[in-house]
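Below, read A as the first sequence line, B as the second, and so on, with proteins coming before strands; counting in each chain starts at 1.
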Protein chains: 2
Amino acid sequence: MSKRSGILEFAVLGLLRESPMHGYELRKRLNTSLGIFRAFSYGSLYPCLKTLVVQGYLVEETGPEPDPLTVPLAGRRAKIVYRLTAAGKEHFEELLAHSGPDAWEDEHFAARFAFFGQTSRDVRMRVLEGRRSRLEERLERMRASLARTRERLDDYTLELQRHGMESVEREVRWLNELIETERAGRPGGTKPQPAPGGSDERDNQQQSGGEPGPRVTRDD
Amino acid sequence: MSKRSGILEFAVLGLLRESPMHGYELRKRLNTSLGIFRAFSYGSLYPCLKTLVVQGYLVEETGPEPDPLTVPLAGRRAKIVYRLTAAGKEHFEELLAHSGPDAWEDEHFAARFAFFGQTSRDVRMRVLEGRRSRLEERLERMRASLARTRERLDDYTLELQRHGMESVEREVRWLNELIETERAGRPGGTKPQPAPGGSDERDNQQQSGGEPGPRVTRDD
DNA sequence: TTCGTCATGTAATGGGTTACATGATTAC
DNA sequence: GTAATCATGTAACCCATTACATGACGAA
């Protein structure tokens with residue numbers, strides 16, 4: 001009942017950091033706005049919110065203060081709006097910076113990336129570089145395994161491996177570009193709240209091959 | 001204790017179809033040879049094997065028949081070699097053909113693809129096309145969501161979505177090529193046991209952009 | 001004789017899902 | 001007044017993981 005450590009918690013804190021919301025709305029944003037996350041269900045979202053409240057990272061606010069005078073009904077079930085506390089904000093900051101051992105895995109990385117707009121540049125750099133080196137390890141192992149088993153596998157398996165490797169390679173290139181852009185960006189050390197003006201030189205035509213990593217799954 | 005329905009079961013059956021193996025070896029092949037699968041742990045593998053035995057899809061064979069005369073030791077703990085039964089083979093075939101609702105998701109698809117060498121052409125076609133239409137649905141939703149929220153998101157979120165969409169688009173193109181190759185291939189309807197001779201015209205230079213889909217994760 | 005690797009397992013836990021149950025509000 | 005969708009939740013399960021425990025076998 002206490003150990004919440006998943007993408008969901010992270011994403012909830014991140015979204016709530018931008019503005020208070022109630023559960024239903026939260027879930028929608030999880031599925032659509034961010035584009036990255038697989039569709040979390042209410043079955044996981046609501047319990048998660050509860051424990052975050054218990055931990056003191058969130059506070060519930062019952063209803064948008066509808067002026068008790070105009071709404072005399074007693075048992076009126078109101079929307080529960082969740083607001084991030086100071087402790088919650090701090091906790092989120094820690095999660096961003098801390099970078100546990102699995103922080104570079106696909107979904108964890110995607111989740112972090114999704115909140116880059118709220119992240120300081122040095123943390124962004126660490127995340128991007130961490131992800132990159134994780135992918136490079138992956139490539140290493142794939143290359144090794146491929147060399148070991150070459151010719152002993154049928155064409156389909158080979159094609160699958162080749163395809164997988166290319167995907168990873170592409171993502172590495174993508175990361176390289178992002179890192180370079182990041183390096184060249186305004187040297188200001190922190191919080192570019194609205195949006196990073198950088199990365200505009202090259203328009204969105206077709207170069208700059210975007211790639212595989214960030215998992216996109218179905219929303220509702 | 002009865003409902004085994006995961007990638008693991010599928011992969012185990014598929015690997016065992018090629019040849020009998022014991023658990024330890026099985027796990028290694030799961031992690032490396034196939035390249036696709038995330039590293040399954042013994043904690044999931046062995047229980048899985050047990051239930052498959054109970055279900056009659058596998059039989060255990062204790063040790064490689066080391067000739068009882070030469071090895072008189074009584075309690076000699078032997079390797080347990082698992083062999084696919086006829087029922088097991090049939091079951092695997094069903095799983096391949098059946099195509100439940102989540103059969104087109106990333107890992108399920110990758111697992112199926114990994115056994116294409118043992119799969120009939122029409123099933124291969126169905127799998128590839130199923131995957132493709134699933135991805136196209138995904139694209140549809142992504143485009144819609146992007147159109148809805150354009151300009152209201154910061155550059156990073158946008159970049160992430162763009163990147164995600166490109167990944168999906170690339171995989172669609174990859175599938176298109178595979179499907180075309182499949183269509184053009186030898187018209188023989190079934191089991192190209194060793195390897196499909198097709199898809200050789202275009203060498204592995206750089207066209208035919210391979211892409212994102214099949215999840216590759218770390219092995220041990 | 002000790003270390004690494006092969007080899008097999010179990011118990012507790014984790015992070016999520018589905019299916020279900022309920023009720024309020026809005027649009028027709 | 002009824003259907004869709006907004007809104008909140010619970011219980012049971014799923015598929016896997018980690019950490020742990022055991023032991024055989026080969027090579028240094």
- Query: Over how many whole Å does the gap from A/His22 atom NE2 to C/dT25 atom P extend?
  - Reply: 13 Å
- Length of the CG-C1' vector between B/Leu45 and C/dT8, whole Å: 10 Å
- Decide if the gap between the ring center of A/Phe92 and the ring center of A/Phe115 is smaller than 6.0 angstrom. yes
- What integer distance in Å separates B/Ile80:CD1 from C/dC6:P? 18 Å
- Spacing of B/Tyr46 atom OH relative to D/dT17 atom P, expressed in whole Å: 14 Å
- Query: Start at the 5' end of DNA chain C and walk down; is the nucleotide closest to B/Lys28 or to B/Gly43 reached first?
  - Reply: B/Lys28
- Message: In terms of relative ring orientation, are B/Tyr24 and B/Tyr42 parallel, tilted or perpendicular, with 30° and 60° separating the classes?
- Response: parallel
- Hey, is the side chain of A/Ser44 poking within less than 4.0 Å of OP1 or OP2 on C/dG15, counting only N and O atoms? no
- For C/dC6, does either OP1 or OP2 sit under 4.0 Å from a side-chain N or O belonging to B/Tyr24? yes
- Item | Backbone N/O of B/Trp104 and side chain of B/Arg131: donor-acceptor pair under 3.5 Å | yes
- Message: Without decimals, in angstroms, what is the distance between A/Arg27 CZ and C/dG16 P?
- Response: 14 Å
- Task: Using atom CZ of A/Phe40 as one end and atom C1' of C/dG15 as the other, report the distance to the nearest whole Å.
- Result: 10 Å
- If we only count heavy atoms from C-beta on, is the A/Arg29 to A/Glu18 side-chain gap below 4.5 Å? yes
- Query: For A/His108 and D/dT17, what is the distance between atoms NE2 and P respectively, to the nearest whole Å?
  - Reply: 14 Å
- Starting at OH of B/Tyr42 and ending at C1' of D/dT17, how long is that distance when rounded to a whole Å? 14 Å
- Message: What's A/Gly23 touching, base or sugar-phosphate or nothing? Going by heavy atoms closer than 4.0 Å.
- Response: sugar-phosphate
- Message: Please tell me if A/Ser41 has a side-chain N or O lying less than 4.0 Å from either OP1 or OP2 of C/dT17.
- Response: yes
